[in-house]
Amino acid sequence: MNIVILSRNPNLYSTKRLIDEGEARGHIVEVIDPLDCDIIIEKEKPTIFYRNRYLDYVDAIIPRIGSSVTFFGCAVVRQFEEMGVFTIVTSDAIQRSRDKLRSLQRLSKAGIGMPKTVFTNYSRDVEEVIEHVGGIPVIIKLLEGTQGLGVVLAE
């Protein structure tokens with residue numbers, strides 16, 4: 001099987017482990033930077049061009065799309081989907097996961113346990129918002145923060 005890992009950094013430990021495990025199982029594994037892909041859209045023949053070649057031989061992709069390249073990275077994943085290539089995570093799933101509020105709403109609806117959360121667009125009445133979650137201490141998170149950035153414990 002020809003597997004492509006969509007990653008900006010082939011030297012990451014986690015990417016190297018995916019390569020090792022794929023090759024150990026007899027697969028051909030290649031790391032491709034999604035930002036170096038050209039998406040070619042034409043009638044009934046979606047294709048991707050990458051560094052002087054067409055990626056028409058790919059059987060499966062493993063997207064590792066960082067938050068800073070979500071828009072174009074998802075476009076590349078979507079193009080592979082249009083080409084009939086198997087992906088372990090869809091472009092829609094990646095986009096949904098990047099929206100914290102939407103993710104929390106979906107998890108809540110599915111009955112997944114989580115801390116009581118308040119989302120507000122108007123933060124003048126901070127005391128009322130704190131009451132909604134049951135009092136202090138509270139964790140305040142920016143909607144756009146990632147990997148711990150924009151997270152504050154307020155006592």
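These values consider heavy atoms only, across backbone and side chains, with no hydrogens, waters or symmetry-generated copies.
Pairing each heavy atom of Lys116 with each of Val133, the nearest pair is O-CG1, 3.8 Å. Across all non-hydrogen atoms, the minimal contact from Gln79 to Ile39 is CD-CG2, 3.3 Å. Contact record, Leu153 with Pro137: CD1-CB, 4.0 Å, taken as the closest heavy-atom pair. Heavy atoms only, all atoms of each residue included: Leu6 and Pro34 are closest at C-CD, 4.2 Å. The nearest pair of heavy atoms linking Thr70 to Gln95 is CG2-CG, 4.5 Å.
Side-chain contacts under 4.5 Å among hydrophobic residues (ILVMFWY), followed directly or transitively, place Met114 together with Leu104, Leu107, Ile112.
Note: Ser7 OG to Ile65 CD1 = 8.0 Å, rounded to the nearest 0.5 Å. Rounding to the nearest 0.5 angstrom, the gap separating the CD1 atom in Ile40 from the NZ atom in Lys45 is 8.5 Å. Rounded to the nearest 0.5 Å, atoms NZ (Lys16) and CG (Asn11) are 5.0 Å apart.
For Gln105, the side chain to side chain contact (heavy atoms under 4.5 Å, CB included) partners two or more places apart in sequence, or in a different chain, are Leu101, Arg102. For Glu127, the side chain to side chain contact (heavy atoms under 4.5 Å, CB included) partners are Asp125, not counting sequence neighbours.
With respect to the salt-bridge test (charged N to carboxylate O, under 4.0 angstrom), the residues Glu30 and Arg53 qualify.
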Identify each donor-acceptor pair in which a side-chain atom of residues 87-94 lies under 3.5 Å from a protein atom, sequence neighbours left out, and give them as a table.
| unit_1 | atom_1 | unit_2 | atom_2 | d |
| --- | --- | --- | --- | --- |
| Thr87 | OG1 | Val89 | N | 3.4 |
| Thr87 | OG1 | Val89 | O | 2.7 |
| Thr90 | OG1 | Ala93 | N | 3.1 |
| Ser91 | OG | Glu81 | OE1 | 3.1 |

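Two residues are said to be in side-chain contact when any heavy atoms from C-beta on lie closer than 4.5 Å; Thr15 and Asn9 fail this criterion. For the pair Ile61/Val77, a side-chain contact is recorded, criterion being any heavy-atom separation below 4.5 Å from C-beta on.
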Side chain to side chain contact (heavy atoms under 4.5 Å, CB included) assessment of Val4 paired with Leu55: CA-CA 9 Å; Val4 163; Leu55 300 180; 5.6 Å; no
Quick one: do Glu82 and Arg78 satisfy salt bridge (Lys or Arg N to Asp or Glu O under 4.0 Å)? Show the steps, please. CA-CA 6 Å; Glu82 294 296 320; Arg78 193 168 39 254; over 6 Å; no
Check step by step if side chain to side chain contact (heavy atoms under 4.5 Å, CB included) holds for Leu18 and Val29. CA-CA 9 Å; Leu18 288 169; Val29 183; over 6 Å; no
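The closest side-chain donor-acceptor pair between Ser14 and Arg64 falls under 3.5 angstrom.
In the hydrophobic cluster analysis, where Ile, Leu, Val, Met, Phe, Trp and Tyr join through side-chain heavy atoms closer than 4.5 angstrom, Val58 is grouped apart from Ile28. Under a hydrophobic-cluster definition in which Ile, Leu, Val, Met, Phe, Trp and Tyr are linked whenever side-chain heavy atoms come within less than 4.5 Å, directly or via other members, Leu35 and Val76 are assigned to the same cluster. Met1 and Ile19 end up in the same hydrophobic cluster when Ile, Leu, Val, Met, Phe, Trp and Tyr side chains are linked at under 4.5 Å.
Asp59 contributes no side-chain N or O that, together with a main-chain N or O of Ile3, makes up a donor-acceptor pair within less than 3.5 Å. When atom types are taken as modelled, the side chain of Glu155 and the backbone of Ile136 share no donor-acceptor pair closer than 3.5 angstrom. The closest donor-acceptor contact from the side chain of Ser103 to the backbone of Arg98 lies at 3.5 Å or more, if one exists at all.
Sorted by first and then second residue, the ring-ring contact (aromatic ring centres under 6.0 Å, His included) pairs with a member in residues 13-53 read Phe49-Tyr54; sequence neighbours excluded. Judged as a ring-ring contact (aromatic ring centres under 6.0 Å, His included), not a single pair has a partner in residues 55-111 (not counting sequence neighbours).
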